[in-house]
Protein chains: 2
Amino acid sequence: MKDHTEVTIYHIAEKLGLATSTISRALKDHHSIGKKTIEKVKQTAKEMGYRPNNLAASLRSKKTKTIGVLLPTITQPFLSSLISGIEIACQKAGYNVVIMQSHDSYEQEVNLTQSLYNNRVSGIICSLAMETQDTSHFQLFIESNTPLVFVDRVPKHFSTFRVVIDNYAAGYKATKHLISQGCTRIAHLTAGSEFSIYFERKKGYLDALKEANLAIDENLIIKLKAVTYEEAENATNKLLDMKNPPDGIFAPGDILGVSAIQCAKKRGIKVPEELAVIGFNNDPISNIIDPNLSTITHPAEKMGQASAEIILKHLKHPKKGEDAKEITFLNTEVLVRESSMRNKTE
Amino acid sequence: MKDHTEVTIYHIAEKLGLATSTISRALKDHHSIGKKTIEKVKQTAKEMGYRPNNLAASLRSKKTKTIGVLLPTITQPFLSSLISGIEIACQKAGYNVVIMQSHDSYEQEVNLTQSLYNNRVSGIICSLAMETQDTSHFQLFIESNTPLVFVDRVPKHFSTFRVVIDNYAAGYKATKHLISQGCTRIAHLTAGSEFSIYFERKKGYLDALKEANLAIDENLIIKLKAVTYEEAENATNKLLDMKNPPDGIFAPGDILGVSAIQCAKKRGIKVPEELAVIGFNNDPISNIIDPNLSTITHPAEKMGQASAEIILKHLKHPKKGEDAKEITFLNTEVLVRESSMRNKTE
DNA sequence: TTGTATGCGTTATCAC
DNA sequence: GTGATAACGCATACAA
């Protein structure tokens, strides 16, 4: 096994008696290079086992062809689908994707942000950590005019691109659906700060109740410490222990909805007859649980693609910051399944 | 908003009246630099808003601090957990992770392999595309002495690091468990080529049957075109249509096992009394389905971490190729749940 | 302990 | 159409 020395454009140039600049241009099909030369260059490049060094090219051109993705975690079905969408769009455009998990920690998010910058990514897509309140660590990208897209968990006060669903409308729709099924005491699980997506969903829930002239009972609204199965189980037990328990639950996440259903079943409470449940996200588990969980579709992969495309487009036609407040809303729908079907009209 | 010019070590050097080499060293806490100097340099670097350019450093040092991950897809729970493990280990070591999806296409795998090389990743972790038979496109990494780890779906004839579970043993254990529950006609779903993990699991299944002196009925072994819910549903229906249907199914994937359970339930067949089912992977859905699906634990995140650590270790202490055949086996266990519990002894 | 000089592999700006 | 040459920002061998 010989010492593996890299074949560079310099070596090709030498072999062909041409200049490195000619090689460089030929390899990129530059119009000012003769057709025969181009072919000859490409041919010998192949023969010599030439592999372009993207690092060198990036350093020189100040363009990296990689975009950074910073998310709380990647194991959630919604987020892995999101990444998939990003990756597909980027791959098509010849861009690479580097992925980082903040694990919902503000501190890590800040560090990873720096790291992304140090790698001079061409663009960045981020869904904020649960902890994050201050977003000044993204200022770096604004100043260097690096396209930045927030997706799903977006900051309230930060002027950039956002790709989101209308969480308010979705919460409203979910609640309205339960009302249409005859529920009158609808509970709601919530989480996070007033900047979170859950806050918006809750607002939709509240407005739907108001519109239907249903009383708002604060005891039916339970704030979870985390979006987990166990937290939802505790909350559901608490709700079902009430002397006047709810007849419906709007759970703003499928894991919560599933937990609620299983909890009810354990207690011998019939779903949906005695308790209708609707979740959120359309995760795989929602379709496995018996009875199937009604839910809100969340176009994860599309959101990923949309985010990537915004960046790619911006990279092609750089603009000033004025239009940077653009928000892309993606559509959600109520997916009615067994867990909330109480009358035949639907 | 001013023209954003990059602050480089040269600017710091100028400001401080020092040489760039001193700055470079000071920033990295090189031992040969005075403590005061280090502090002073770091201080002004911060003040000036200096951001190291990893590209330049990588080009110069020929070390990229990024490792490439090439997988069929990232949306499968098993694979997203795998990535998570990789990412966590890499993040700890200050490495970045770039992720690519082959979507089980050989052609894409080849292209992405090139792309990874062109980016001069320091190491690569790969789970092969279903289509892939020939693995010569990885030769590139061998020749350049880039650590390469195959995980889960590994090639048969290629001398590198592998991180796998013992699929044969797992298949054997799963089948043996069903036998212990009194099953005598155990069906099996399989897929892929003779190089696939499913082939190994099937071998384990066959040997367990033999050992128990149970007849091997080829009609009970169904080869799926793809590992999907629908394929498993068709297969299960076919099995249950037999005049002498099976009393157990070993499904080498939870999605298949869940499908089998739901199919049986639809037909009014009791699980596990009339049909015991065991899956594979311990995906979230296995714990949601009613009855809960017994399964084989697959330490996805650990496998990811192990893979990353092999690379990181190799990067620290480069060795010659001799030991490159090392295989890391990770442990699996039978996770007994309702879908296969037919007697009380267990 | 610090400085000098050079090169990593490419692209871009000139000039011819 | 093609060539010479200077960057890109950093790290390192060698001097001092």
Side-chain angles (χ1 to χ4, degrees), chain A residues 3-42 44-45 48-66 94 115 117-122 144, chain B residues 3-42 44-45 48-66 94 115 117-122 144:
Chain A
D3 222 20
H4 182 79
T5 34
E6 296 240 347
V7 179
T8 70
I9 54 170
Y10 181 78
H11 297 127
I12 303 178
E14 200 175 29
K15 182 154 191 174
L16 256 43
L18 291 171
T20 58
S21 47
T22 306
I23 310 298
S24 173
R25 284 184 282 227
L27 255 15
K28 303 194 107 73
D29 289 308
H30 196 282
H31 60 275
S32 77
I33 302 290
K35 254 203 158 176
K36 286 176 297 180
T37 315
I38 291 189
E39 216 158 304
K40 199 169 53 180
V41 169
K42 285 193 176 173
T44 59
M48 299 177 72
Y50 168 75
R51 305 284 166 189
N53 186 325
N54 289 349
L55 260 53
S58 294
L59 176 60
R60 177 64 235 242
S61 66
K62 289 173 178 284
K63 288 190 173 95
T64 53
K65 290 253 172 193
T66 106
S115 174
Y117 183 88
N118 294 349
N119 282 297
R120 301 297 189 270
V121 290
S122 293
S144 59
Chain B
D3 222 18
H4 182 80
T5 35
E6 296 240 346
V7 179
T8 71
I9 54 171
Y10 180 79
H11 297 129
I12 304 178
E14 199 175 30
K15 184 156 189 172
L16 256 44
L18 290 171
T20 58
S21 52
T22 306
I23 309 299
S24 174
R25 288 176 193 136
L27 255 14
K28 306 194 103 72
D29 289 308
H30 196 282
H31 61 273
S32 75
I33 302 288
K35 253 203 159 177
K36 285 176 296 181
T37 316
I38 291 188
E39 216 159 305
K40 199 169 54 180
V41 169
K42 285 192 176 175
T44 59
M48 298 176 72
Y50 168 76
R51 305 284 165 191
N53 185 325
N54 289 349
L55 261 52
S58 294
L59 178 59
R60 174 62 232 243
S61 66
K62 288 174 179 282
K63 290 193 171 89
T64 52
K65 289 248 170 199
T66 106
S115 175
Y117 184 88
N118 294 348
N119 282 299
R120 300 298 188 270
V121 291
S122 293
S144 60

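As the structure is a prediction and not an experimental result, all values here were calculated from the model. Numbered from 1 within each chain, the chains take letters A, B, ... in sequence-line order.
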Protein-nucleotide distance ([X], atom [atom1]; [N], atom [atom2]), rounded to Å:
X	N	atom1	atom2	result
A/I38	D/dG1	CD1	C1'	11 Å
B/K35	C/dT2	NZ	C1'	19 Å
A/N53	C/dC8	CG	P	11 Å
A/R60	C/dT10	CZ	P	13 Å
A/I23	C/dA12	CD1	C1'	16 Å
A/N119	D/dC8	CG	P	20 Å
B/L27	C/dT2	CG	P	14 Å
A/K28	C/dG9	NZ	C1'	12 Å

Next item on the list: Map B/H31 and A/K63 onto DNA chain C by nearest heavy atom, then report which one ends up closer to the 5' terminus.
Entry: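 On the 5' side of the pair lies B/H31.
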
Item checked: A/V7 or B/H30, whichever maps to the more 5' nucleotide of DNA chain C ->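 First, find each residue's nearest nucleotide; the 5'-ward one identifies B/H30.
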
Notebook entry, point to check: Just checking, is any N or O donor in the side chain of B/T64 or B/S122 under 3.5 Å from an acceptor N or O on the other one?
Noted result: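 A pair is found: one side chain offers a donor N or O, the other an acceptor, under 3.5 Å apart.
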
Check: Just checking, is any N or O donor in the side chain of B/N118 or A/N54 under 3.5 Å from an acceptor N or O on the other one?
Finding: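 No.
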
Item checked: Earlier contact from the 5' end, DNA chain D, for A/T37 and A/T20 ->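 Whichever sits nearer the 5' end wins; that is A/T37.
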
Margin query: Using a 4.0 Å heavy-atom cut-off, does A/L55 contact any base of the nucleic acid, only the sugar-phosphate backbone, or nothing at all?
Written below: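 Nothing, no nucleic acid heavy atom in range.
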
May I ask you to verify if any side-chain N or O of [X] is less than 4.0 angstrom from the OP1 or OP2 atom of [N]?
X	N	value
A/T8	C/dC8	no
B/Y50	D/dC10	yes
B/S24	D/dA11	yes
A/S21	D/dT2	no
A/K62	D/dG9	yes

Next item on the list: Mark yes or no for a side-chain to base donor-acceptor pair under 3.5 Å between B/R25 and C/dG3, with no hydrogen or angle criteria applied.
Entry: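 Per atom types, the contact qualifies.
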
Of all the nucleotides listed ([options]), which has the minimum atom distance to the side chain of [X]?
X	options	value
B/A57	D/dT2, D/dA11, C/dT2	D/dA11
B/L18	C/dT2, D/dC8, D/dC10	C/dT2
A/I9	C/dT10, C/dG3, C/dC8	C/dT10

Check: Does the salt bridge (Lys or Arg N to Asp or Glu O under 4.0 Å) test come out yes or no for B/D29 and B/K35, once each step is laid out?
Finding: CA-CA 9 Å; B/D29 289 308; B/K35 253 203 159 177; over 6 Å; no

Next item on the list: Evaluate the side chain to side chain contact (heavy atoms under 4.5 Å, CB included) criterion for residues B/I12 and B/M48: first the C-alpha distance (whole Å), next the side-chain angles of each, then the deciding distance (0.1 Å), finally the verdict.
Entry: CA-CA 8 Å; B/I12 304 178; B/M48 298 176 72; 4.1 Å; yes

Notebook entry, point to check: Does the pair A/N53 and A/T8 meet the rule for a side chain to side chain contact (heavy atoms under 4.5 Å, CB included), with working shown?
Noted result: CA-CA 8 Å; A/N53 186 325; A/T8 70; over 6 Å; no

Next item on the list: Decide side chain to side chain contact (heavy atoms under 4.5 Å, CB included) for A/L27 and A/Y50; before the verdict, give the C-alpha distance in whole Å, the side-chain angles of both, and the deciding distance to 0.1 Å.
Entry: CA-CA 11 Å; A/L27 255 15; A/Y50 168 75; 3.7 Å; yes

